[in-house]
Chemist: 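Pasting a structure here, questions to come.
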Amino acid sequence: MTSRVMRDFDLLLPESVPEVLELLADHKDNCAILSGGTDLLVALKFDYAVDNVVSLALVPGLDDLSFDPDQGLSIGAKVTIADIVKSQDVKTYYPALWQAAKVFATPQLRNTATVLGNIMRASPAGDCSLALYALGGDLQLKNASGVRDVSLDDFWLSYGVTARQSDELAISLRVPPPTAGQKSAFQRMTRTTEDLSKINAAVSLTMADGVCQSARVAMGCVGPTLIRLPKVEAMLGGAEITEDLLGEVSDMVAAEITPIDDIRSSADYRRKVAGILVRRVINLALTEGNNQ
Amino acid sequence: MTELKVVGKRVERVDVRAKVTGGALYAADVQLAGMLYGKIVRCYDYAHARVTSLDLSEAAKCKGVIKVLGPKDVTQKEYNASVLDMMVSADMRGVLGDIDDQSIFTDHVKHYGDAIAAVIAISEEAAERAAEKIKVTYEELPVYMTAEAAKQADALQFRPEKPGNLAFQLPEMAFPDNAYAWGEVDKSFDEADIIVEDTFYVPKQKQCQMEPGSYIALYDDQERLNCWTSTQMPKLVQKKLANLFELPMTRVRINATVIGGGFGARLGMVLEPETCALAMAVPGRPVKVLSTREEDWVTSPSRHPGKYWMKMGFKKDGTPVACDAKFENYKGAYYVDASGTAFTTGAWLGGMYKFDSLRYRGESYYTNQSICGAFRGYGNPQTNFVMEQMIDRGCAELGVDPIEWRKKWHKGVGDDGWCIGVPYNSCALDECLDRAAEAANWTEKREKYKNQTGTKRRGIGVAVMNHTSGAMPMLLEHTVCDALLHQDATVTLNLACSDMGQGSHTTLRQVAAETLDFAYEDIHIATGNTDAAGFDIGAHASRTLYVGGGAVKQACEDVRRQLFERAALELEEDVDNLYMEDKIIHVKGSSNKSISVQTIADQGVNNFMNPETGELIGQPGQIQGYASFFPPHNAPPFGTTIAEVEVDMETGEVKVLELVNAHDVGRAIHPGVVEGQLDGGAQQGLGMALTEETYYDDKGICQNNSFTDYKMFGPSDMPKMTNILVENPDPTGPFGAKGVGEAGLVPPVGATANAIFNAIGIQILEAPITPEKILKALEDAND
Ligand SMILES: Cc1cc2nc3c(=O)[nH]c(=O)nc-3n(C[C@H](O)[C@H](O)[C@H](O)COP(=O)(O)OP(=O)(O)OC[C@H]3O[C@@H](n4cnc5c(N)ncnc54)[C@H](O)[C@@H]3O)c2cc1C
C-alpha cells in the first residue's frame with residue numbers, strides 16, 4: 001500500500017558530476033539517483049526504502065541532445081522524453097525512437113521523465129528503451145575511477161536488474177549514425193491511450209535494393225527484460241521482405257517469447273498478437289521508417 | 001409559457017471560478033487549530049480472516065501519539081453506511097430486511113482493506129509511523145468472491161440472519177414469487193416464435209471521483225459532534241451519525257465541504273463513522289483523516305458486479321411477448337445498498353419495453369469483495385449492457401432494424417413506468433431516436449457495414465434508456481427550502497442540496513431567478529451547514545434539480561406571493577390587478593401607481609416610524625418564503641446513444657469513433673450543464689463497456705485499486721461526440737426540467753456493445769469488452 005507521507009531520506013543535491021560520483025561511492029547501495037523521478041517516486045511511495053537520494057537537478061552538462069551524421073545521436077542523462085519529441089533530427093534519423101517518445105505517457109510525464117531513466121529502470125515494458133534496443137546504442141557509465149561503455153545488448157540482466165554498478169552514473173547514451181537504407185519503427189498496444197505498454201515492438205532494418213541486409217527486432221512485455229528475437233532477425237537478414245515471409249516471421253515470433261499473465265494482459269493474448277505486432281511494425285518501418 | 005429570461009441560458013456556473021483558480025476549499029484543505037491526525041489501520045494481507053491478536057502497545061509508545069484505538073475503544077453499535085433505510089418507512093425496512101452489519105473496527109476481516117484499529121497523533125507522519133507498529137495476527141478464512149461461491153452449502157456464513165449468504169432478494173411480501181413482474185411469463189414464452197437467452201457478466205466499476213476521502217471531526221466543548229465531509233447527503237449523514245453516536249440532531253453538525261466528485265461514492269457515509277469515533281475519543285481536538293487513493297478505492301462503494309441472466313421471446317412480427325431475467329450480484333462484505341440496486345436493476349428493465357409479460361429477480365450475495373453501493377445509474381448501466389444486447393440479438397433474428405423496433409416497442413406516455421402502477425407522464429424518445437439516427441447517418445452506415453471482410457471492421461449500434469428524476473415513489477423524496485428576501489431586494493436560499501460538480505447550485509439559482517423574475521446575480525445559495533438547513537434527501541437519483549428545484553420554485557413563489565400581498569396593501573389594489581416588471585410592481589392599466597420590490601423589502605426590515613405622523617412606514621416583517629416540497633412524480637428522462645466503433649480483427653482492439661447522444665431532458669435549464677453531464681456520463685459508460693473492472697486475485701487481494709492499473713477513458717480515448725438535447729417540458733418538473741445526472745452514462749454502455757456486435761457479428765457477454773475477450777470470441781467462432 002502507498003503512504004500519504006513520503007518516507008524519510010536525505011535528499012542530496014550535488015552540483016557537479018564529480019560530486020555525484022563521490023556521493024555514489026560513499027553510499028553505494030543505500031542510495032538512489034533521482035532524475036525525472038517518475039519511476040523513483042512511485043517506488044518510494046510503495047515499498048522501496050533508501051536512506052539517500054542523489055538528485056541530478058543541479059548537475060550541469062547532462063542535458064545535451066545532439067546529432068552528428070558521422071557520430072550519431074548522443075542523449076545526455078537529463079534529456080527528457082519531450083526533448084526527443086521536439087527533436088527534428090530524431091524524427092528524421094531515428095523514427096523508432098521518435099515514435100516511442102510520441103506515445104509515451106502524458107505531456108506532464110514527458111516533460112519530466114528522462115530517456116536514460118527509462119533505460120535504468122530496466123522495465124520489460126519501457127518504450128524508449130525498446131526503440132533504442134532496436135536501434136542499438138552504448139551507455140557511458142562513469143564512476144570515480146573512470147568511464148566504461150556498455151552496449152544496450154548487454155545492459156538489462158533480469159527484471160529491474162542492470163549491469164550498472166552502484167557507484168556508477170549513466171552519463172549518456174550514444175546511438176550509432178544512421179546507415180544508408182536504414183528503416184526503423186516502433187509500435188505498442190495499451191489498454192487506454194495513455195498507459196504503459198501491454199506489449200510493444202521495435203525494429204531497425206537495413207534495406208538495399210529491396211533486400212533486407214540486416215535486422216534488429218526487439219519486443220517488450222514478453223519476458224523478464226526487453227528481448228531481441230534472434231531467429232526472426234536471422235529470417236529477415238538477407239531476405240526480400242514479402243507478405244509470405246512476414247507470415248513466417250509472424251509465426252516464428254511466438255516461439256521466441258515467454259510472456260506471462262499480469263494485470264495488463266494475458267500470456268495467451270500476448271502470444272497471439274506478438275507476431276501480428278512484429279509484422280505491423282516491420283511494415284510501418286518499410287513504409288514510413290525512412291531515416292532521411 | 002411566457003418568455004424565459006434566466007432559464008435556458010448558459011450563465012456562469014457558481015463554482016467555476018473557485019475550481020479553476022484552485023480556491024475551492026476541499027475537506028483536505030481545511031486546517032483547524034490544534035488539529036490531530038488519524039490513521040486507520042487496515043488489513044491488506046487477507047480478504048477474509050479473523051483477528052487472533054491485536055497488540056497496540058508499541059504504537060502507543062511512539063512519538064507524537066495521543067491515542068491508539070482498537071475495536072473495544074469505540075462504539076460497539078453496528079451501522080449501515082447506506083442511507084436507503086432512511087428513505088423508506090420502518091415497516092418497509094422490515095419487509096426489505098435491511099440490516100446494520102458494519103462496525104467501526106472489526107476483528108472479522110471481510111474484505112481487503114477492512115478496518116482493524118486506528119492511531120491518533122499530532123501529525124499525519126507520526127500517525128502513519130505509529131500505525132506501522134500495530135501488531136495484528138490473523139487466522140485466514142476461505143474467501144468467497146462470487147455469488148456462486150458464497151451460496152455453496154458449506155460456505156462460511158457472513159451473518160446469521162442472512163442464511164446462504166443471501167443478503168437480499170426481492171421479498172415475497174411485496175413481490176410475490178420474489179419477482180418484479182407482470183403477466184404470466186412462462187405462458188407468454190409459449191407464444192414466442194423466437195427466443196433469445198444468455199448469461200452476462202457486469203463489472204465492478206469504480207466512480208473514480210477526483211477527491212479521495214477526506215474528513216475532519218471535532219467533538220466540541222458544547223458536546224456537539226462536528227464533521228467536515230464532502231458527502232452528497234449532509235442531512236441524512238447528520239441523522240445517521242446522530243443515531244450511531246446516540247446524540248440528538250441538535251448536537252450533530254455536518255459542514256459540507258466542496259465535493260470533488262461523487263457519482264454515488266459519497267452517497268451515505270464512507271469514513272464519517274471512523275473519523276467521528278476518533279474525535280469522540282479526544283474531545284476538544286479536531287481529528288483529520290485523509291485516505292490514500294488506494295484506501296479510498298476499497299473503502300468506498302463500487303457498482304454492483306455480477307451475473308445477469310436474461311431470456312426474451314418475440315413473435316415473428318416483432319411483438320415482444322416475454323422477458324425473464326435474474327441479476328445475482330456480488331454484493332461485497334457488508335449489506336449497504338443490497339436492496340436498492342437489486343430492485344432498480346429490474347425496474348429499469350421493466351420500464352423500457354412493452355413486453356406482454358416480464359419477470360425480474362434480483363439477489364444480492366455477500367462476498368469478500370469491497371462493498372457495492374450507489375454509482376451513477378444505480379443498476380441501469382448493468383441492465384443496459386444486457387437488455388440492449390438481447391434486443392439487438394432479437395432484432396438480428398427477426399431481421400428488423402434496431403431503431404425501428406425500438407421506436408415501435410418502447411414504453412411511453414400512459415404506460416407503466418419503471419415503477420409498476422406509476423405511468424409515464426412524458427416521453428420524447430421517438431424524437432431522440434429520429435434525431436440521433438439522422439445525425440449519425442444510421443441507415444447509410446448500417447447498410448455500408450453489412451458485408452465487411454478487412455482487418456479493420458466498423459460497426460454502428462444503438463441503445464435506449466429510461467431513468468428517473470428522484471426515486472419517488474420507491475423512496476422518500478423531500479426538500480426543504482427557505483428563501484430570505486434581504487432589504488436590498490436580493491435573496492438567499494437556504495437549503496441542504498449539494499452540488500457535487502453536476503452544476504445543481506447554478507441551475508437551482510436559475511430556477512429561483514426565473515421564478516422571482518429577479519436577476520441571476522440577485523440570488524445566493526447558502527448550503528453546507530446542517531444546523532441551518534431544513535431536510536433534504538441529498539444528491540442521488542438525478543433528483544437535485546427536479547426535487548430541489550421544485551422546493552426552490554415553491555419557496556420563491558411564496559416570496560412573490562408575499563410581495564404582491566404587501567404591494568396590494570400599499571397600493572390599495574387587488575392582488576389580481578398587479579403585475580411586476582423590472583422588480584417594480586405596477587397596477588394594471590395605471591401608469592403611475594407602483595411600488596418597487598426594493599421598497600417593500602426595505603420597509604419590511606427597517607419598519608421605521610414616520611416622526612411626523614407617528615405611523616409605521618410600509619408593511620412590517622422580513623419576507624421569507626418557505627417550501628417543504630414533495631414531488632408529485634419522477635419526470636422520466638429518456639435517451640439514446642448511437643455508437644460507431646472500429647474493431648481490429650487481428651488484435652481485438654476497439655476504437656470508438658463517434659457517439660451521438662440524444663436525450664429527452666424536459667427542459668435544459670442550463671444547456672452547458674446538461675452537455676457536461678452527457679459528456680461525463682459517456683466517459684464512464686464507455687469505460688464500463690470497454691476498460692473498467694476491479695480485479696482480485698484468488699485470495700481476494702485487490703489488484704488494481706489505483707489509476708496505474710484501473711483504466712478509465714482519458715481525454716485522448718474519447719471519440720467525437722454530439723449531444724442533442726430534446727426539450728419536451730415535463731408537466732411536473734421545474735420549468736419542465738427532468739434529471740440528467742445519470743442518464744448520460746447509461747446508453748453508451750449498450751450502444752457500444754451493439755456496435756461491436758454489428759462490426760464482428762458476435763456478442764461479447766462479459767463487460768468490460770477487452771481486446772483479449774474479443775480475440776478469444778473471434779477464435780472460438782472460427783473453430
Ligand atoms: C503516469 C506514468 C506513466 C508512464 N508511462 C510510461 C510509458 O508510456 N512508457 C514507458 O516506457 N514508461 C512510462 N512510465 C515510466 C517512467 O516514466 C519512465 O520509465 C521514465 O523514463 C523514467 O525516467 P525518470 O527520469 O523519471 O527516472 P527516475 O524515476 O528518476 O529514475 C528511474 C530509475 O533510474 C535510475 N536513474 C535515473 N537516472 C539515472 C542515471 N543517469 N544514472 C543511473 N541511474 C539513473 C534511478 O535511480 C531509478 O532507479 C510512466 C510512469 C508514470 C508515473
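Per chain, numbering begins at 1; letters A, B, ... match sequence-line order.
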Chemist: If every non-hydrogen atom of B:Thr708 is compared with every non-hydrogen atom of A:Arg191, which pair is closest and at what distance?
Modeler: O-NH2, 3.2 Å
Chemist: For the candidates A:Ile263, A:Leu196, A:Leu277, which exhibits the highest count of non-hydrogen atom pairs separated by less than 4.5 Å from chain B?
Modeler: A:Ile263
Chemist: What's the separation between atom CG in B:Asp648 and atom CD1 in A:Ile276, rounded to the nearest 0.5 Å?
Modeler: 8.0 Å
Chemist: Test salt bridge (Lys or Arg N to Asp or Glu O under 4.0 Å) on B:Glu128 and A:Arg4 and set out the steps.
Modeler: CA-CA 8 Å; B:Glu128 277 212 8; A:Arg4 278 192 36 91; 5.7 Å; no
Chemist: For A:Asp195 and B:Lys711, work out which heavy atoms get closest and say how close.
Modeler: OD1-NZ, 3.3 Å
Chemist: By a 4.5 Å heavy-atom criterion (distance strictly below it), what part of B:Ser291 contacts chain A: side chain, backbone, both, or neither?
Modeler: backbone
Chemist: Go through it in stages, so that I can follow the logic: the residues are A:Arg264 and B:Asp709, the test is side-chain contact (heavy atoms from CB on, under 4.5 Å), and I'd like the CA-CA distance, side-chain angles, deciding distance and then a yes or no.
Modeler: CA-CA 7 Å; A:Arg264 271 176 268 155; B:Asp709 284 312; 4.0 Å; yes
Chemist: What's the shortest heavy-atom distance between A:Thr193 and B:Ser716, and which atoms?
Modeler: CB-OG, 3.4 Å
Chemist: Who among B:Arg293, B:Arg42, B:Glu124 has the most heavy-atom pairs with chain A under 4.5 Å?
Modeler: B:Glu124
Chemist: Taking only heavy atoms into account, what residues of residues 5-13 of chain A are found under 4.5 Å from chain B?
Modeler: A:Val5, A:Met6, A:Arg7, A:Asp8
Chemist: For chain B, which residues of residues 278-288 of chain A have at least one non-hydrogen atom nearer than 4.5 Å to it?
Modeler: A:Arg279, A:Arg280
Chemist: Heavy atoms under 4.5 Å from chain B: which residues of residues 104-120 of chain A carry them?
Modeler: none
Chemist: Roughly how far, to the nearest 0.5 Å, is CZ of B:Phe713 from OG1 of A:Thr192?
Modeler: 8.5 Å
Chemist: Give me the contact list for residues 767-783 of chain B versus chain A, heavy atoms only, anything under 4.5 Å, ordered by residue number.
Modeler: B:Pro771, B:Glu772, B:Leu775, B:Lys776, B:Glu779
Chemist: OG1/B:Thr651 to NZ/A:Lys272 distance, rounded to the nearest 0.5 angstrom?
Modeler: 11.5 Å
Chemist: Within this structure, what is the OG-NZ distance for the pair A:Ser3 and B:Lys39, rounded to the nearest 0.5 Å?
Modeler: 6.0 Å
Chemist: Taking atom CD of B:Glu132 as the centre, report whether more than 12 heavy atoms of other residues, nucleotides or ligands fall under 6.0 Å from it.
Modeler: yes
